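One-based numbering, in listed order, for ligands and for the atoms of each. Source: prediction; values computed, not measured.
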Amino acid sequence: MIFRLVTITLLLIGCTEHPASTTCGQTGSLYRQALYPIGVALDMMELNSSAAYQAIATEQFNSITPENIFKAESIHPVRGFYNWLETDSLMSYCERTQKRVHGHTLIWHVQLPEWIRSFHGTKADWELLMKEHIQTIMTRYKGRIAGWDVVNEAFNEDGTLRNSIWRQHLGDSYIEKAYRFAREADPNALLFYNDYNLEVSPTKRAAVIKYFNNVRLRGVKIDGIGLQMHISIVHPGSSEIASALMDVSANEYKVHISELDISVNPLGKNITATTELLGEQANLMGAILLHYRQLPTKHQYGITFWGVSDRNSWIRSTYNRIDYPLLFDDNYQPKPMYCKAIELL
Ligand code: XIL
């Protein structure tokens, strides 16, 4: 009896620490199976300190989006000074391992250094600041970065332009100018616009597409749109995702699913990763892959996951909730979502 109790207790403890249901036991290489690039957002600290993290990054993905180090606060922390240490190191990892690099992100209203937030100057000064920022970074890595999120999250949910610091000082045309400066710096790089909720809000998506169609009419080449897809098993559904992907592609933009994670706990409840939740997550993953496959090859820029494993996901720290949104679990073991991807890619 005592023996049985101990066994049951041990089993229960074992279950909480390493729930058997979170892993799927499958091995393979996502990118080697895929017909388009499979990407991941990487964090330099993890890449340099965790062998397991680095092994998965190298084995599973062939496109890398630096998660933070190209953002203004990190790469341009002080006026006139650029911190190339981490970006150079990431570039050399990617070149050594033959990974495509996706630059993220040049013009955003978040993660700005204090000197930009408090910058005083005329419209012309602000334009020069923006131009210099974009062109200094792009010129350094010219020909080595395949695509750039030139502008990030410039639209509100209702389709109007966000009144970001850039818009306040430069007016609505700051977006178009950013793309002109970027094109000048590296004519061969693919230029993307990147935003969230484009898959859930047809209004926001229509506004973005209309805006960039007009920019194109004025002679600026925009190559693609990044749908971040920070989604959950509850919302959006498979058909909404399909419409969004087709809509962007029908307007002749490359489609980058640029920051994919699938929350299993959007309401922040006290949960564990059950077989059922992870199964739902895997099924949605499968639906995304099937829909993405329907796009014309020339529009399949790739699918990028926003982190390697659940322990690296920004969701937990940013939204302060337990969640399991990525392909690998806290112990870097493949989850059902990974197995689904291996099965369907
Ligand atoms: C997030 C990073 O993952 C976090 O590490 C950081 O603290 C905040 O930014 N949309 C974007 C990404 O375009 O750059 C954000 O990344 C997530 C939301």
Side-chain angles (χ1 to χ4, degrees), residues 39-50 53 56-57 61 63-77 83 86-87 90 101-114 116-117 133-134 137 145 147-157 161-162 164-166 175 178 182 190-201 204-205 208 224-232 236 244 248 255-263 266 301-328 330:
V40 70
L42 286 190
D43 176 79
M44 285 311 288
M45 294 257 284
E46 291 294 334
L47 189 68
N48 290 329
S49 61
S50 162
Y53 181 98
I56 293 180
F61 305 96
S63 175
I64 303 297
T65 302
E67 188 171 352
N68 287 300
I69 58 178
F70 276 88
K71 293 173 181 172
E73 73 172 3
S74 168
I75 202 170
H76 198 178
N83 165 25
E86 289 176 302
T87 51
L90 179 96
V101 183
H102 182 75
H104 175 81
T105 172
L106 295 163
I107 299 298
W108 193 24
H109 63 288
V110 182
Q111 290 182 274
L112 286 172
E114 174 54 30
I116 294 185
R117 278 187 274 127
H133 178 79
I134 292 174
I137 298 168
I145 292 194
W148 282 96
D149 291 333
V150 179
V151 177
N152 200 31
E153 302 182 354
F155 284 75
N156 294 314
E157 299 311 282
L161 283 185
R162 182 193 296 280
S164 74
I165 192 166
W166 302 105
I175 302 181
L190 298 172
L191 304 185
F192 286 79
Y193 172 72
N194 192 51
D195 212 332
Y196 57 87
N197 280 355
L198 297 178
E199 62 291 339
V200 296
S201 165
K204 187 174 186 180
R205 184 168 73 243
V208 168
I225 293 182
L227 291 83
Q228 294 183 5
M229 300 248 291
H230 296 294
I231 59 175
S232 80
V248 173
V255 183
H256 185 197
I257 295 185
S258 57
E259 304 185 10
L260 182 61
D261 44 31
I262 306 178
S263 165
Y301 181 74
I303 300 184
T304 297
F305 293 86
W306 207 242
V308 170
S309 79
D310 289 342
R311 72 193 289 162
N312 312 119
S313 169
W314 72 302
I315 300 267
R316 291 185 183 174
S317 52
T318 306
Y319 297 107
N320 193 24
R321 70 174 192 242
I322 186 69
D323 215 325
Y324 306 94
L326 294 168
L327 294 163
F328 292 85
D330 281 74

For H104, atoms of ligand 1 separated by under 4.0 Å from a heavy atom: 11 (C), 12 (C), 13 (O), 14 (O)

Between N152 and ligand 1, find which residue part has any heavy-atom pair under 4.0 Å and reply side chain, backbone, both or neither. side chain

Closest non-hydrogen protein atom to atom 11 (C) of ligand 1, residue and atom name please, with distance? E259 OE1, 3.0 Å

Does Y196 reach ligand 1, in the sense of a heavy atom lying below 4.0 Å from it? no

Report yes or no: is the cationic atom of R316 (NZ for Lys, CZ for Arg) closer than 6.0 Å to the six-membered ring centre of Y324, at no more than 45° off its axis? yes

Suppose we measure from atom 8 (C) of ligand 1 to each protein heavy atom; which comes out shortest, and what is that distance? Q111 OE1, 3.4 Å

I'd like to know whether S74 forms a side chain to side chain contact (heavy atoms under 4.5 Å, CB included) with N68, so could you lay out the CA-CA distance, the side-chain angles of the two residues, the decisive distance to 0.1 Å, and finally the verdict. CA-CA 7 Å; S74 168; N68 287 300; 5.6 Å; no

Result of checking D149, T304, N194, T65 against H102 for side chain to side chain donor-acceptor pair (under 3.5 Å): D149

Option with minimal heavy-atom separation from atom 7 (O) of ligand 1, where the choices are N68, D195, V110: N68

Determine, stepwise, if the pair F70 / T105 fulfils side chain to side chain contact (heavy atoms under 4.5 Å, CB included). CA-CA 6 Å; F70 276 88; T105 172; over 6 Å; no

Output yes when the distance from some N or O of ligand 1 to some N or O of W108 is under 3.5 Å, and no in every other case. no

Heavy-atom nearest option to atom 15 (C) of ligand 1, drawn from E67, H230, K71: K71

Chi angles and distances behind the side chain to side chain contact (heavy atoms under 4.5 Å, CB included) call for W148, I134: CA-CA 10 Å; W148 282 96; I134 292 174; over 6 Å; no

Check against side chain to side chain contact (heavy atoms under 4.5 Å, CB included), V208 and L198: CA-CA 9 Å; V208 168; L198 297 178; 3.9 Å; yes

